[in-house]
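Each ligand, and each atom within it, is numbered from 1 in the order the structure gives. Note that these values count all heavy atoms, side chains included, but never hydrogens, waters or copies made by symmetry.
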Amino acid sequence: MVKKIKEIPTHIPSMKNIDSHSHVRGESIYIDDIPEAQGTLYTAVCTSTIAHGKIISVNYKEVLKKEGVIQIINHHDIPGENQIGGIIPDEPLFADKEVHYQGQPIAMVLATTEAIARAAVHLIKIKYKELPAIVDPIEAYKKGNLHIPSRTFSLGKMDKAWKQCEYIIEGKADTDGQEHLYLETQGAYAFPNENGHITIASSTQGPTALQRTAAKVLNIPMHKIEVDVRRLGGGFGGKEDQATAWGVMAALGATITRQPVKLILHRMDDMKMTGKRNPYRSTYKIGLDKQLNILAYEADYYQNAGAAADLSPAILERTLFHSTNAYYVPNVKVTAHSCITNIPPNTAFRGFGGPQGMFVMEAAIAKAARKIGVKSRAIQQQNLLNNGHVFPYGQKVEECEAIATWKGLEKKHPLKAIQQNIDQFNAENIHYKKGMAVMPICFGISFTNTPMNNARALVHIYQDGSIGISTAAVEMGQGVNTKMVQVAAKILSVHADRIKIESTNTTRIANTSPSAASATADLNGKAVAMACEVLKKRLLKVAAKILKVKITELRLKDERILVKNSPVKIAWQTLIQEAMLQRVNLSEHAHYATPKIHFDKNKEKGHPFAYHVYGTAVFEVTIDCIRGRYEFDAVKVVHDFGTSMNRIIDLGQMEGGLVQGMGWMMMEELIYNKNGRLLSNALSTYKIPDIYSVPKEVDVTFLNTDGNDMAIFKSKAVGEPPLLYGIGAYFALLDAVQQFNPNFEPETYHAPFTPEKVLMGLYG
Ligand code: LUZ
Ligand code: MOS
């Protein structure tokens, strides 16, 4: 069945982001905008200048002489455990005897001004005994340096499958890391309260992770720590786990000095000290039959995890989950290795290991297509997932939109016509060549770690009829707070301006999962919906009592109670006053846990995802064959949003994710030298897409589908999936380069495809 395609109307009928006013006026409050309390101390962090070694001595003498320096804090000053590791306890807050990467914190200086603190750090004299550094994951693997035992997903019978293949192709595919480059750098502001209680304002995606870790380091119970998050100036995964260290340091400083302590990283320090998307190196083998069916796929992923595990074990898992992208492969054996290296611990980044795995599959298809003499898209289309198939991890493919989005794309933007234009252009031009690539995607929605799939909401209706909502959702620019308003407004049938979304606060909402895995609106939205349904029922009961009718005759609509077949109405405000008189509870706390999902790590099988998101994009690029420069002419996408509850926000996520993914594939060249030093440590040496590097045309079509009940209001998760499209940029560039230089075949498909690499490919 071919689904109807709905155009995006010019006037998108959805709610404007509730933050847009304060954003545009510069009035939104981030950590550095919090009015400063008297006595605030400022922090600078002293970090390792070598990638691996033993600390022989640390001399603070000169620092203490400096005027304005109040305190130096290092591992000796920690009341509890010197440990901040999230999944594995392998990461000290401050290095003790050894250092494992350049930029690893050793101590912090508190001073009366930030300038003094920063200057003071340079007066700390550290002697090291240097040890050899490893930055390459395969070298680490060969030495047996792994964070966790390697993991394998498998399906079918490999030996038998290889024998049935007409074509077998092997190759290598590498992806570099990616700097998150959130506009707001990492930071926190901690306030000491009475009795050793601490409040931490933090720019974190994971308030509970910070609370739990601070409690461990400070050696106090979690209830003495309140983490408060107003909003983030971007996170992209970089603050899922790695906001914790800075919050803990600020809390430690505030505990020791009994003064408020503020810690905000400067951009270059943030780039140097924090982890990024995990670079991967991979090998693959793919087998196809004569009809281009992929019969077998084998891959080994070497994840460059960095010096501590951080979230890398979970990221590794998602690489395996997405190893076959949007394709059905009946025989699969994929193995992933989490390699310990001497660079900062790498971490979550939009897609969470999924993109790294999918790139390898796309590389395998591209190389196979070239060997066989067909277009990649012939192989892609032949192998798209469909209902009744099974993923390598055992989950059945249901409500699959892989073919529907492909056909939707074909219908709106016939690929043949695009190809003809390109062929004609290439025939007529010598110095410019065009290329194209199609990129289907499939992304599983849920934390792969099943227990994390839960959230809560606390809804208060105040006696004047206004409403305050707290959830575990962290607003980081993705618009989740706007979606929460929409959920409550719809269920309680009130105007959106009656509703305020409170900060994310561990005292109001406890034991939160981080805002991550694209699941924030689903998990928290469902909790808000549950709380509002309960409140609605109570209010209807109040009205029924006044009107002496059955509840079933009543409806809550547009701030009125309506009675069936009667002109009688009760206004919202009156209803709330009546509820107060009847002593009805106008607050509700609800808990949502995703049903149906499970996963058995021993068998590596289960049903880990609530649902999947699908889509297909086509990329068109023009390269300048003299200079190696290039411009993307167009990216056209048909995407499965389910029934979008907010087209403006969802379109924003789509465009932002697409361009962020393209940046990773095109230009964001993250370079560590062999001594583990980050060379691309500033915006002058690390290039991200600007307005000139985005495609000249981005055409997004909303696939008209029913959506899935596990998604909030059937509006599918949209945070991470769009980033995956970016992978298409690499293959469009490869196609264009091969138009000019048909002999070009990279030994390793290695993203990003920078203009420099394009130039070398053109003449290589
Ligand atoms: N974080 C996490 C994530 O802890 N588990 C996940 O599965 C995940 N997926 C995407 C992004 N963050
Ligand atoms: Mo994320 S990579 O969903 O924090």
So which atom in Gln380 and which in Glu362 form the shortest heavy-atom distance, rounded to 0.1 Å?
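Result for this residue pair: NE2-OE1, 2.8 Å.
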Looking at Tyr30, I'd like to know if the NZ or CZ of Arg231 sits under 6.0 Å from its six-membered ring centre while staying within 45 degrees of the ring's axis.
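Pair Arg231/Tyr30 counts as cation-pi.
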Give a yes/no verdict on whether any heavy atom in Glu317 is under 4.0 Å from an atom of ligand 1.
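In this structure, Glu317 fails to qualify as a contact of ligand 1 - no heavy atom is under 4.0 Å.
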Residues forming a salt bridge (charged side-chain N to carboxylate O under 4.0 Å, His left out) with Lys596, sequence neighbours excluded
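Here no residue qualifies.
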At under 4.0 Å between heavy atoms, which part of [X] makes contact with ligand 1: side chain, backbone, both or neither?
| X | answer |
| --- | --- |
| Glu240 | side chain |
| Ala314 | neither |
| Phe447 | both |

Looking only at distance, does Asn449 have an N or O less than 3.5 Å from an N or O of ligand 1?
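No: no nitrogen or oxygen of Asn449 is under 3.5 Å from one in ligand 1.
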For ligand 1, which atoms sit closer than 4.0 Å to a heavy atom of [X]?
| X | answer |
| --- | --- |
| Met452 | 4 (O) |
| Glu720 | 10 (C), 11 (C) |
| Ala516 | 12 (N) |

Asp174 and Arg281 ion-paired at < 4.0 Å:
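Counted as a salt bridge, because a side-chain N and a carboxylate O are separated by less than 4.0 Å.
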Which pairs count as side-chain hydrogen bond (donor to acceptor under 3.5 Å, both in side chains) when at least one residue sits in residues 449-458, sequence neighbours excluded?
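Found Asn454-Arg456, Arg456-His591.
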Between Thr705 and Phe641, is there a side-chain heavy-atom distance shorter than 4.5 Å?
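The answer is no; the side chains never approach within 4.5 Å.
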